[in-house]
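Input: a single structure, listed below in structure tokens.
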Amino acid sequence: MANIGRMLVVGAGQMGGGIAQVAAQSGLEVWLQDISEALVEKGVERIRANLDRQVEKGRMTADQRQGVLDRIHPVVRLEDGAQVDIVVEAATENLTIKKGIFETLDRLCPPGAILASNTSSLPITELAAVTKRPEQVIGMHFMNPVPVMKLVEVIRGLATRDDVFAAVKELAEQMGKVPVEVNDYPGFVANRILLPMINEAIYCVYEGVAAPEDVDTVMKLGANHPMGPLQLADFIGLDTCLAILEVLHEGLGDPKYRPCPLLRKYVNAGWLGKKSGRGFYRYDQ
Ligand SMILES: CC(=O)CC(=O)SCCNC(=O)CCNC(=O)[C@H](O)C(C)(C)COP(=O)(O)OP(=O)(O)OC[C@H]1O[C@@H](n2cnc3c(N)ncnc32)[C@H](O)[C@@H]1OP(=O)(O)O
Ligand SMILES: NC(=O)C1=CN([C@@H]2O[C@H](COP(=O)(O)OP(=O)(O)OC[C@H]3O[C@@H](n4cnc5c(N)ncnc54)[C@H](OP(=O)(O)O)[C@@H]3O)[C@@H](O)[C@H]2O)C=CC1
């Protein structure tokens, strides 16, 4: 496959912004797209703040910071960023939204372009099926926060070509990450293991076993987790946690993945965790 030098990132939320930042830091030209100018600007602002911290800590010069920012091109219309070698889609975890994006990307992007999704759990094979290039569709699942976490799950859809897989693996390495090959089943590996733990922690609160702070303290001090499961759920986003659990529940057909009613209640209330200012904890906006 040709060298990957240009990337479009779709969705400028916490994941899209992180992916754009790390890609630009590794030398790629990056187009960052979201559905409104305000959202793209918010994404770029978060990247700027992250880079400023790197400069303050002496890990990057002001010139290097500027170089990274210069390589990030904010856009609102997909057609303004479609002339790339690879797209990494990081929009909301919703199959209908993602299918619509993949259909559009397939029309707009050059025939050789790879279409990757950062989905946490949705079937890559189903996204591939809405395009005329299913062999060039793949999962590239980064972990949050992207600048810090080393793992990328590289997910083969049913039709993914070997050279496409190899190119994405190499790109992940170029971005300073460790790629792990995973097949296309609901939740892949990371979230199939992580989300049932988070769900169980929510059940502990729902059933009155312990308060959120105490559940988190148990797992931090008792299992050496860097964050407690409820703090982590707030960090991921409770809407994303619910969406992943629904995919696991429906896709694997096992009642053990049933999302806790308390999680659903919080999401319906708009308590989405850190990004909305309230979840299991409250956050300054
Ligand atoms: C849902 C999915 O599909 C898959 C997923 O991603 S699941 C989520 C996976 N992620 C995790 O499990 C994260 C668990 N938490 C942790 O590892 C840590 O708490 C953490 C790395 C987030 C923060 O670490 P910490 O030691 O508590 O805090 P802190 O000292 O402030 O940060 C450590 C470093 O991370 C950086 N960092 C923290 N949050 C960051 C963010 N949001 N963006 C960029 N950098 C960040 C800090 O700048 C700091 O960098 P330096 O060491 O270079 O100074
Ligand atoms: N949060 C996490 O820890 C992780 C999440 N992921 C996955 O990454 C993806 C993004 O998650 P995350 O960044 O947390 O979510 P966010 O809610 O932070 O960001 C999603 C962004 O996509 C935007 N969006 C919605 N529809 C479209 C569209 N049609 N075109 C372009 N942008 C759109 C949203 O806009 P608006 O707000 O207006 O809807 C929002 O700005 C999801 O698939 C998620 O499962 C993967 C790994 C970890």
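Indexing begins at 1, ligand by ligand and atom by atom, following the structure's order.
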So is Met143 touching ligand 2 or not, going by heavy atoms under 4.0 Å?
no
The atoms of ligand 2 lying under 4.0 Å from a heavy atom of Val10, numbered in the order shown, are 31 (C)
Give a yes/no on ligand 2: does Gln33 have at least one heavy atom closer than 4.0 angstrom to it?
yes
Mode of Met143 contact toward ligand 1 - side chain, backbone, both, neither (heavy atoms, under 4.0 Å):
both
Applying a 4.0 Å heavy-atom criterion (strictly less than), which segment of Arg53 is in contact with ligand 1: side chain, backbone, both, or neither?
side chain
In ligand 2, which numbered atoms sit nearer than 4.0 Å to a non-hydrogen atom of His141?
46 (C), 47 (C)
Quick one: does Gln14 get an N or O within less than 3.5 Å of an N or O on ligand 2?
yes
At their closest point, which heavy atom of Ala243 faces which heavy atom of Ser121, and how far apart are they?
O-OG, 4.4 Å
Within a distance under 4.0 Å of any heavy atom of Ser120, pick out the atoms of ligand 2 and give their elements.
5 (C), 6 (N), 7 (C), 44 (C), 45 (O), 46 (C), 47 (C)
Consider every N or O of Ala12 and every N or O of ligand 2, then say whether any pair is closer than 3.5 Å.
no
If we set the cut-off at 4.0 Å for heavy atoms, which region of Ile236 has an atom near ligand 1: side chain, backbone, both, or neither?
side chain
Does the protein place a non-hydrogen atom closer than 4.0 angstrom to atom 23 (C) of ligand 1?
no
Does Lys42 come within less than 4.0 Å of ligand 2, judged by its heavy atoms?
no
Below 4.0 Å, non-hydrogen atoms only: which portion of Val146 touches ligand 1? Side chain, backbone, both or neither.
neither
Distance under 4.0 Å to a non-hydrogen atom of Ile101: what atoms of ligand 2 satisfy this?
28 (C), 29 (N), 30 (N)
Is Glu89 in polar range of ligand 2, meaning some N or O pair under 3.5 Å apart?
no
Are there protein heavy-atom neighbours of atom 26 (O) of ligand 1 below 4.0 Å?
no
Would you say Asn191 touches ligand 1, if touching means a heavy atom closer than 4.0 Å?
yes
Which atoms of ligand 2 sit under 4.0 Å from any heavy atom of Ile97?
26 (N), 29 (N)
Out of Arg46, Met227, Glu56, Met15, indicate the one that has the non-hydrogen atom closest to atom 15 (N) of ligand 1.
Met227
Look at atom 48 (C) of ligand 2 and find which of Lys274, Met140, Met15, Glu153 reaches it with the closest heavy atom.
Met15
Please work out whether any backbone atom (N, CA, C, O) or any side-chain heavy atom from C-beta onward of Leu194 is under 4.0 Å from ligand 1, and answer side chain, backbone, both or neither.
side chain
For the pair Glu170 and Gln174, evaluate side-chain hydrogen bond (donor to acceptor under 3.5 Å, both in side chains) and give the outcome as yes or no after the intermediate values.
CA-CA 6 Å; Glu170 195 178 309; Gln174 184 189 328; over 6 Å; no
Counting only non-hydrogen atoms of the protein, does one fall under 4.0 Å from atom 30 (O) of ligand 1?
no
Contacting atoms of ligand 2, where contact means under 4.0 angstrom from a heavy atom of Lys98
42 (C), 43 (O)
Just to check, does Arg59 reach to within less than 4.0 Å of ligand 1 when the distance is taken from its heavy atoms?
yes
Smallest heavy-atom separation, Val55 atom then Thr61 atom, equals CG2-O, 3.9 Å
Phe235 versus ligand 2: do any nitrogen or oxygen atoms come within less than 3.5 Å of each other?
no
Below a 4.0 angstrom heavy-atom separation, can you tell me which part of Met149, side chain or backbone, both or neither, approaches ligand 1?
side chain
Does Gly237 have a non-hydrogen atom less than 4.0 Å from ligand 2?
no
If you count the atoms of ligand 2 from 1 in the order shown, which ones are under 4.0 Å from a heavy atom of Thr240?
44 (C), 45 (O)
If we only consider heavy atoms of His141, is any one of them less than 4.0 Å away from an atom in ligand 1?
yes
Heavy-atom protein neighbour under 4.0 angstrom from atom 20 (C) of ligand 1:
no
